[in-house]
Amino acid sequence: MEDSCGAIIHYSLRRAAVLQQQHVEPIEEKSIESIESIEDADVLLESAEEESLEIIQCRDTESSDTIRSNWHEQLSVSVAGSEDKIKWHSLQHGGPLFPPRYKRLPDNVRMCYNGQPMKLSTAAEEAATWYAKLLGRPVLQNAIFQANFFREFRMLMRPNERRIIKDLELCDFERIAQHLQRQKMSQRGVGQHRKLLEQHHFGLCCIDGELEMIANYRIEPAGIFLGRGKHPLMGALKHRIRPEDVTINCSPYAVPAAPAGHHWKAVQHDQSVVWLARWRDSVTLGYKYMQLSSASRLQGKRELNKFELARRVSSYIDRIRQSYWEDWKSPNLMQRQRGVAIYLIDRVMLRVCSDKSELTADCEGCCRLRVEHLNLFMELQGNAYVVEFNFVGKDCTKYRRQVAVNQHVFENLRSFMQRKLPQDQLFDQLTVKMLNQHLRSLMQGLTAKVFRTYNASRLLQSSLDELTRNLTSPEELLNAFAIAHANAAKFCNHQGAQSKLSSHKRAIRAKQLAISKCRRSRANTCRLLQLQQDLDLLQSSLSDAELRSSVALSTSKVNYVDPRITVAWCKKHKVPIEQVFDAALCSKFDWAITAADASFRF
DNA sequence: TAGCACGACTCAGAAAGGTGGTG
DNA sequence: CCACCACCTTTCTGAGTCGTGCT
């Protein structure tokens, strides 16, 4: 309790300091904001193309084409920790794009309080529009959200408004929500052109003579902090970020101009970092960064390094496993805990979970597991030594899994749980730092997170080998590929909220209905036969669909499995890469598509 | 020198936006 | 031809990981 109070006081003081630094004068609108029609956008787009070329002019004389086409062939892979301290030699960009200034609502659109329309101050009205956008979302029912939002909403009101508005329940945002919806519909079409224009202005940078895309050139708009799960700060207001809050990182000769009438918080030329701009989030108080796109050369190099590091684990894995087997039998409690923890990270794919501040949602990982998160079964459904994990993991996703473990692990876990309360730490002698230090002593650059990359990639490769060994037809191959990926995603516990299964089951029900209708109306038998065939096909693919629906496939594809495995598989089976990677993945993994041939093995 | 806070990065699911099929 | 819907892709930004530097 004391700790929690301390954290809250510390947070309040820091937040006050950050907010005090934030400037309040309105930012000048850029010319982009004045676009009302598609024609306007086209005209501006043409001039922007010229301007954008100007922004990215580079002093680097080296031919960028040669660098781009074969950097991955020339690259000698560096192990983690020994990466170059100098990340770039020349860096030029146009600075971030600020969201448009808030435009007041028309006079006939008002928040109603207790049935009476209220004309709010500009700041309070803007906060009301943020809330109105969330109408219908379950998060609005959350008491923490309501309390945080209403407290900060009232702080934006004028004293006379504050005297009247005392209860969020009596605030009616419906008219504002309807107005915003109408506004959105009327602006369809213009948005696309504006986006293209903005991308030309702000979305590109020039790094070491290479034109690259920027991943997030937009400053996050002000709004309501939502967080994940039961975040204690949900509902707090994210303040507007202004040029005076933003630090720019670039070459000394290429400082982008701040918007008219404004200046940057600071400009630095730090070659040891890859961010282009940063600012502090007014709720979490952490830095937010403007960074290069994942398709960029620099990010590609980092990706390659990541996968090469994971690939090296193959040569060390026997030694690593031998080491933690020995730890299980150690008389030293810390070593036993360390051995079991690494086993769980390696074999159950748990994240390590670093220490967290009190002001985050209550989520766990290996080093933060509590006694209450585990159930031990000597025997369960014919399996010996089963551990049931039940906790809330990263992003507040549920982790619920029963795993048959090694007998030594089981007995160690039982001893760690003895004489402890449910809320006590399972690994009370262990810290993340100790664990990673030990891993580094076994293999240079090895940390806990590498196991996820290693295991997911190994699993994909073996699943692909096994499932596609005797297949030749494109449909069968692609289906098997999807299942292999789903296996890897399931292993990583990547969850998707939108269930494709429900639509699959709906399709089956629809066919069943159509068949019975067809039978009743005695329609032609050809139609009936066709429907029956469709139904059989749907039903036979249900179990595959069940697997694929329960997981989010993209996360493991994007982050964990070595793309060269997929590329090699495609080349071996003559499957076009576009059928398994979408456009974004193709450009992100450009290096893998060029580098890997059919014989590549992870 | 240990422990902690923090900076810089990777990883993550949800929401928004786009597309193509169907009635 | 259009409205609607389902599915897929992109964008957004919150949440972890881990090294570094300060006290």
Side-chain angles (χ1 to χ4, degrees), chain A residues 7 10 14 80-81 83 87 133-134 137 139 184 188-189 191-192 195 199 203 215-221 223-229 231 233-234 238 247 249 270 272-275 278 280-281 283-294 298-299 302-303 305-306 345 351-357 359-361 363-368 392-397 431-437 439-440 445-453 456 489 492-500 502-504 506-507 551-560 581-588:
Chain A
H10 180 63
R14 280 193 66 205
E83 239 185 304
K87 305 280 173 41
K133 277 181 198 159
L134 297 175
R137 297 263 286 271
V139 69
K184 200 170 155 186
R188 267 189 190 167
Q192 247 179 318
K195 259 190 184 163
Q199 200 161 17
N216 57 326
Y217 53 87
R218 273 167 221 283
I219 294 279
E220 290 172 16
I224 301 175
F225 177 84
L226 293 174
R228 305 258 163 86
H231 199 295
L233 301 174
M234 60 168 30
K238 286 204 304 180
T247 301
N249 195 36
D270 185 350
S272 69
V273 294
V274 292
W275 54 264
R278 75 172 182 192
R280 234 180 236 289
D281 184 278
V283 175
T284 62
L285 307 184
Y287 279 121
K288 295 281 180 80
Y289 299 90
M290 175 164 113
Q291 284 173 307
L292 290 172
S293 142
S294 59
L298 204 65
Q299 296 296 80
R302 300 176 90 111
E303 286 273 301
N305 279 339
K306 178 179 85 179
I345 287 167
R351 285 189 194 80
V352 61
C353 200
S354 314
D355 289 343
K356 296 170 69 166
S357 130
L359 289 159
T360 55
C363 305
E364 325 300 337
C366 187
C367 288
R368 280 172 56 97
V392 177
K394 183 180 178 185
D395 290 298
C396 293
T397 53
T431 66
V432 175
K433 198 174 177 184
M434 285 151 76
L435 198 143
N436 278 335
Q437 234 161 21
L439 289 175
R440 267 197 304 275
L446 184 63
T447 61
K449 79 193 263 287
V450 181
F451 282 96
R452 282 173 77 80
T453 315
C492 294
N493 197 41
H494 290 147
Q495 298 178 359
Q498 301 139 337
S499 172
K500 288 164 208 145
S502 55
S503 68
H504 202 95
R506 259 204 309 278
V551 294
L553 293 174
S554 62
T555 309
S556 61
K557 228 179 196 178
V558 172
N559 298 308
Y560 284 114
F581 281 169
D582 58 39
L585 283 178
C586 278
S587 59
K588 173 173 177 167

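Throughout, protein chains are lettered first and strands after them, A, B, ... in sequence-line order, and every chain is numbered starting at 1.
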Polar pairs (N or O, both sides) under 3.5 Å between protein and nucleotides 10-13 of chain C?
unit_1: C:dC12; atom_1: OP1; unit_2: A:R218; atom_2: NE; d: 3.4

Problem - Flag side-chain contact, heavy atom, 4.5 Å: A:I219 against A:M290 - result: no

Exercise for the section: Any strand is fair game: report the nucleotide pairing with B:dT19 by Watson-Crick or G-U wobble, both distances under 3.5 Å, or none. Expected result: C:dA6

Problem - Listed nucleotide nearest any side-chain atom of A:H494, set B:dA12, C:dG19, C:dT17 - result: B:dA12

Fill in the blank from the handout: Exactly one of A:T397, A:D395, A:T360 clears side chain to side chain donor-acceptor pair (under 3.5 Å) with A:R228, and that residue is A:D395

Practice task
Looking at every strand, decide which applies to A:Q299 at a 4.0 Å heavy-atom threshold: base, sugar-phosphate, or nothing.
Solution key: sugar-phosphate

Problem - Close side-chain approach of A:V139 to A:M234, heavy-atom, < 4.5 Å - result: yes

Practice task
Evaluate the side-chain proximity of A:R452 to A:C492: yes if any heavy-atom separation is below 4.5 Å, no if none is.
Solution key: yes

Practice task
Round to a whole Å and report the spacing from CE of A:M434 to P of C:dG19.
Solution key: 16 Å

Handout entry: Any A:Y560 side-chain nitrogen or oxygen under 4.0 Å from OP1 or OP2 of B:dT10
Key = no

Completion exercise
The answer to which of A:V558 and A:K133 contacts DNA chain B further toward the 5' end, by nearest nucleotide, is A:V558

Exercise for the section: Could you label the plane-to-plane angle of the A:Y289 and A:W275 rings as parallel, tilted or perpendicular, counting under 30° as parallel and over 60° as perpendicular? Expected result: tilted

Handout entry: Donor-acceptor pair, side chain of A:K288 and main chain of A:R280, under 3.5 angstrom
Key = no

Completion exercise
Assert: residue with more 5' nearest nucleotide on DNA chain C, out of A:G227 and A:V352, is A:G227

Handout entry: Exam field: side chain A:K306 to backbone A:N559, donor-acceptor pair closer than 3.5 Å
Key = yes

Problem - A:D281 (side chain) donor-acceptor with A:K238 (main chain) under 3.5 angstrom - result: no

Exercise for the section: Report the distance from atom NZ of A:K588 to atom P of C:dT9, rounded to the nearest whole Å. Expected result: 15 Å

Exercise for the section: Kindly indicate whether the side chain of A:K394 and the base of B:dC11 share any N or O donor-acceptor pair separated by less than 3.5 Å? Expected result: yes

Fill in the blank from the handout: A:K449 atom NZ is separated from C:dG19 atom P, nearest whole Å, by 10 Å

Practice task
Looking at every strand, decide which applies to A:R368 at a 4.0 Å heavy-atom threshold: base, sugar-phosphate, or nothing.
Solution key: nothing

Exercise for the section: Summarise how protein sits on nucleotides 1-8 of chain B as a single string, 5' to 3': B when a protein heavy atom is under 4.0 Å from the base, S for sugar-phosphate-only contact, - for no contact. Expected result: ---B-SSB

Exercise for the section: Describe the nucleic acid contact of A:A361 in one word from base, sugar-phosphate, nothing, applying a heavy-atom distance below 4.0 Å. Expected result: nothing

Problem - Rounded distance (Å) that lies between atom C1' of B:dA15 and atom CG of A:L226 - result: 10 Å

Problem - Beyond-backbone contact of A:K588 with A:F581, side-chain heavy atoms, under 4.5 angstrom - result: no

Exercise for the section: May I ask you to evaluate whether A:R452 reaches the phosphate of C:dT17, defined as a side-chain N or O under 4.0 Å from OP1 or OP2? Expected result: no

Practice task
Just call it for A:S354: base, sugar-phosphate, or nothing, with non-hydrogen atoms closer than 4.0 Å on any strand.
Solution key: base

Practice task
Looking at every strand, decide which applies to A:T397 at a 4.0 Å heavy-atom threshold: base, sugar-phosphate, or nothing.
Solution key: sugar-phosphate

Problem - Residue pair A:C367 / A:T431, side-chain heavy-atom distance below 4.5 Å - result: no

Completion exercise
A:D395 atom CG is separated from B:dG13 atom P, nearest whole Å, by 6 Å

Problem - Nucleotide nearest A:N436 (side chain, heavy atoms from C-beta), chosen from B:dG13, B:dT10, C:dC18 - result: C:dC18

Completion exercise
Rounded to whole Å, the CG-C1' distance (A:L435 to C:dC18) equals 12 Å

Practice task
Rounded off to whole Å, could you give me the CG-to-C1' distance for the A:N493 and B:dG13 pair?
Solution key: 12 Å

